[in-house]
Amino acid sequence: MNEIAIITGGNRGIGRATALELARAGVDVILTYHTHREEAEAVAASIAGLGRRALALQLDVGEIGTFGAFARAISAALRETWQRETFDVLINNGGLQIAQPFGKVTEDAFDRLIDVHFKGVFFLTQELAPLLADRGSIVNVSTGLTRFVSSGRAIYGAAKGAVEVLTRYLAQELGPRGIRVNTIAPGAIATDFSGGLLRDNEQFQKHIAGLTPLGRHGTAEDVAVAIAALVGPGSRFITAQRIEVSGGIHA
């Protein structure tokens with residue numbers, strides 16, 4: 001029986017790379033998207049091209065009131081597509097960035113970032129945990145910005161810090177079911193996050209390379225292979241851990 005992974009924000013960036021990496025490892029994927037349906041369907045088609053089954057579902061990870069309906073949609077998909085009642089891997093990846101200096105942070109920006117990056121992770125995991133198979137795995141995607149800081153990212157970094165603490169509590173509470181819960185914390189990764197700042201700016205890439213012992217910025221694929229390893233059998237006794245994928249930036 002093939003494993004099934006749910007990946008939030010699986011239509012682009014780290015989520016997309018992870019979906020494809022898991023598919024190459026023989027895992028079927030349910031990926032979510034917020035507004036870019038065509039991207040999500042393209043990822044699902046690529047997964048099908050790898051010989052795995054995939055499904056794209058719409059979800060705003062900051063709209064907690066929709067999570068019950070989403071869980072019911074997952075249950076229906078599991079029964080209809082896989083003839084199963086459970087899935088095996090949950091990757092809480094979906095997110096957004098709003099950069100504001102501390103003195104200019106608005107309440108709307110604060111609430112949106114907390115809803116997406118902490119409250120949403122908490123309650124979506126709560127909603128889906130009964131459907132997660134015993135001996136399954138959860139990966140919460142955090143950020144290197146919980147260890148080092150960057151101006152304008154106070155809310156984002158603080159929300160991700162809360163998720164890292166939550167990870168340890170979930171590992172404790174879900175441990176009796178054999179479920180492992182870990183954090184992956186990407187460093188400077190070239191995706192469309194922050195408007196593609198790192199991806200599209202060669203000067204900034206050189207700056208990041210100069211701060212990084214491995215001498216380059218990261219890619220979505222760098223994070224994806226780490227996530228795939230963490231949910232794989234070789235990490236079967238690893239839980240409650242924060243693993244940074246950053247090339248050692250600001251070591």
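What you are looking at is a predicted structure, and each value in this text was computed from that prediction instead of being measured. Basis for what follows: all heavy atoms, side chains included, without hydrogens, waters or symmetry-related copies.
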Before giving the answer on side-chain hydrogen bond (donor to acceptor under 3.5 Å, both in side chains), spell out for Ser142 and Thr183 the whole-Å C-alpha distance, their side-chain angles and the decisive distance to 0.1 Å. CA-CA 6 Å; Ser142 181; Thr183 296; 5.9 Å; no
Could you walk me through whether Glu39 and Arg37 pass the salt bridge (Lys or Arg N to Asp or Glu O under 4.0 Å) test, one step at a time? CA-CA 5 Å; Glu39 290 181 349; Arg37 178 178 178 180; over 6 Å; no
side-chain hydrogen bond (donor to acceptor under 3.5 Å, both in side chains), that's the test. Do His36 and Arg12 meet it? Break it down for me. CA-CA 9 Å; His36 296 88; Arg12 55 172 58 182; 3.3 Å; yes
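The side-chain contact (heavy atoms from CB on, under 4.5 Å) search around Thr143 returns Leu145, Thr146, Tyr156, Lys160, not counting sequence neighbours.
Expressed to the nearest 0.5 Å, how far CG of Asp115 lies from CZ of Phe110 amounts to 10.0 Å. Here Tyr33 contributes atom OH and Leu59 contributes atom CG; the two are 10.0 Å apart, rounded to the nearest 0.5 Å. Atom OG1 of Thr125 and atom CD of Glu127 lie 10.5 Å apart (nearest 0.5 Å).
The two atoms that bring Ala190 and His217 nearest to each other are CB-CD2, 3.5 Å, heavy atoms only. Counting all heavy atoms, side chain and backbone alike, Ala44 lies closest to Leu31 at N-CD2, 4.2 Å. In terms of heavy atoms, Thr239 sits closest to Ala171 at OG1-CB, 3.5 Å. Taking every heavy atom of both residues into account, Ala109 and Thr106 meet most closely at N-OG1, 3.1 Å. For the pair Thr86 and Ile4, the tightest heavy-atom approach, listed with the atom from each and the gap, is O-CD1, 4.1 Å. The two residues Arg242 and Gly144 have their closest heavy-atom pair at NH2-CA, 3.8 Å.
No side-chain heavy atom of Val181 sits less than 4.5 Å from a side-chain heavy atom of Tyr169. Side-chain contact check for Ile249 versus Arg147: some heavy-atom pair is nearer than 4.5 Å. Residues Thr32 and Ile7 fail the side-chain proximity criterion, which asks for heavy atoms closer than 4.5 Å. Side chains of Leu124 and Ile64 form no contact here, defined as non-hydrogen atoms less than 4.5 Å apart. The shortest side-chain heavy-atom distance between Arg24 and Arg52 does not fall under the 4.5 Å cut-off. Proximity of Ile155 to Ile98: side-chain heavy atoms (C-beta onward) are nowhere separated by under 4.5 Å. Within the 4.5 Å cutoff, the side chain of Val141 has no heavy atoms near those of the Asn92 side chain. Considering only heavy atoms from C-beta on, Val89 comes within 4.5 Å of Glu3 through its side chain.
With a 6.0 Å radius and a threshold of 12 heavy atoms from other residues, nucleotides or ligands, Gln58 has its CD atom above the threshold. More than 12 heavy atoms of other residues, nucleotides or ligands sit less than 6.0 Å from atom CD of Glu38. Atom CZ of Arg135 has 12 or fewer heavy atoms from other residues, nucleotides or ligands within 6.0 Å.
Under the 3.5 Å distance criterion, the side-chain polar atoms of Asn182 are matched with a main-chain donor or acceptor of Ile238.
Taking a cutoff of 4.0 Å between a charged side-chain nitrogen and a carboxylate oxygen, Arg112 and Asp60 qualify as a salt bridge.
For residues 63-89, the set of pairs meeting the salt bridge (Lys or Arg N to Asp or Glu O under 4.0 Å) definition, not counting sequence neighbours, comprises Arg84-Asp88.
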